Amino acid sequence: MEGLNASEQRELANRMERKQMKEFMSMYSKLVQRCFDDCINDFTTKSLINREEGCVLRCVDKYMKATGRLNERFQEQNAAMMGGGMGR
C-alpha cells in the first residue's frame, strides 16, 4: 500500500473487506447447500431428526477441515514460490 495516500488506502481497505465478505458468504452458501443436499431428506417435521442433525454436524466439520487444509496447502505453495521456487 506504499505510494497511496490515506484516502486511497482507505478505499483499498474497504474493497478488500467487501471482497473478503463476499468470499465468506459464497463459502457459507456452498457449505449450507452441500450439507442440506447431502443430509436433509425428511420434510415431514419442522425440526431435524437425529440422523439428519448428526449428518449435518459431520458435514460441516469435514467441510471446515478440508477448507482449512486447502488454505494451509495454498499458503505452503505460495511461500515456496516466494522463497525462490519460481525461477526453477
Side-chain angles (χ1 to χ4, degrees):
M1 294 193 352
E2 291 179 22
L4 299 177
N5 65 38
S7 177
E8 291 169 330
Q9 288 179 3
R10 281 192 304 274
E11 177 62 27
L12 181 59
N14 286 338
R15 285 184 183 191
M16 289 171 50
E17 188 176 312
R18 285 192 304 269
K19 182 174 172 49
Q20 287 175 335
M21 180 57 83
K22 186 176 180 181
E23 289 174 358
F24 170 77
M25 294 305 294
S26 176
M27 184 190 83
Y28 179 76
S29 179
K30 287 176 187 176
L31 169 65
V32 169
Q33 188 65 50
R34 175 66 185 260
C35 293
F36 182 88
D37 290 345
D38 287 352
C39 297
I40 311 303
N41 50 31
D42 181 4
F43 297 98
T44 59
T45 64
K46 289 184 195 180
S47 58
L48 297 174
I49 59 175
N50 288 342
R51 180 176 40 83
E52 292 171 332
E53 187 172 355
C55 179
V56 168
L57 291 173
R58 286 188 303 277
C59 180
V60 169
D61 185 55
K62 190 173 190 175
Y63 189 93
M64 296 305 289
K65 285 179 181 175
T67 301
R69 183 63 184 133
L70 285 172
N71 285 334
E72 288 173 14
R73 291 291 296 148
F74 176 76
Q75 290 174 356
E76 290 168 4
Q77 292 294 318
N78 192 34
M81 288 188 339
M82 298 304 279
M86 292 190 307
R88 294 181 185 171

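Everything numeric here is computed off the predicted structure, so don't read it as measured data. Just so you know, residue 1 is the first one in the sequence shown, and it goes up from there.
Using a 4.5 Å cut-off between side-chain heavy atoms of Ile, Leu, Val, Met, Phe, Trp and Tyr, with links allowed through other members, V60 and F36 fall into the same hydrophobic cluster. Grouping the Ile, Leu, Val, Met, Phe, Trp and Tyr side chains by contacts below 4.5 angstrom, directly or via other members, places V56 with M27. When the side chains of ILVMFWY residues are joined at heavy-atom separations under 4.5 Å, either directly or via intervening members, F43 and L48 end up in a single hydrophobic cluster.
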Evaluate E23 against K19 for side chain to side chain contact (heavy atoms under 4.5 Å, CB included), listing each step before the verdict.
CA-CA 6 Å; E23 289 174 358; K19 182 174 172 49; 3.0 Å; yes
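Contact of the R58 side chain with the D38 side chain is not registered, since no non-hydrogen atoms from C-beta on lie closer than 4.5 Å. Side-chain contact between E76 and R73 is present, with heavy atoms from C-beta onward closer than 4.5 Å. Counting heavy atoms from C-beta on, the side chains of R15 and E11 come closer than 4.5 Å. Using a 4.5 Å cut-off on side-chain heavy atoms (C-beta onward), F74 and Q77 make no contact.
Using a distance-only test at 3.5 Å, with no hydrogens or angles considered, no donor-acceptor pair links the side chain of S29 to the main chain of M25. Counting only distance, with no hydrogens or angles, the side chain of E52 and the backbone of I40 share no donor-acceptor pair below 3.5 Å.
In this structure, CG on N41 lies 6.5 Å from CD1 on I49, to the nearest 0.5 angstrom. Between the CD atom in E53 and the CG atom in N50 there is a gap of 6.5 Å [rounded to 0.5 Å].
Remark: C59 SG to C39 SG, distance not under 2.5 Å.
No salt bridge links E17 with R10; every basic N to acidic carboxylate O contact stays at or beyond 4.0 Å.
Nearest approach of Q9 to L4, heavy atoms of both residues: NE2-O, 3.1 Å.
Side-chain contact check for D37 and Q33: at least one donor-acceptor pair (N or O, by modelled atom type) lies under 3.5 Å.
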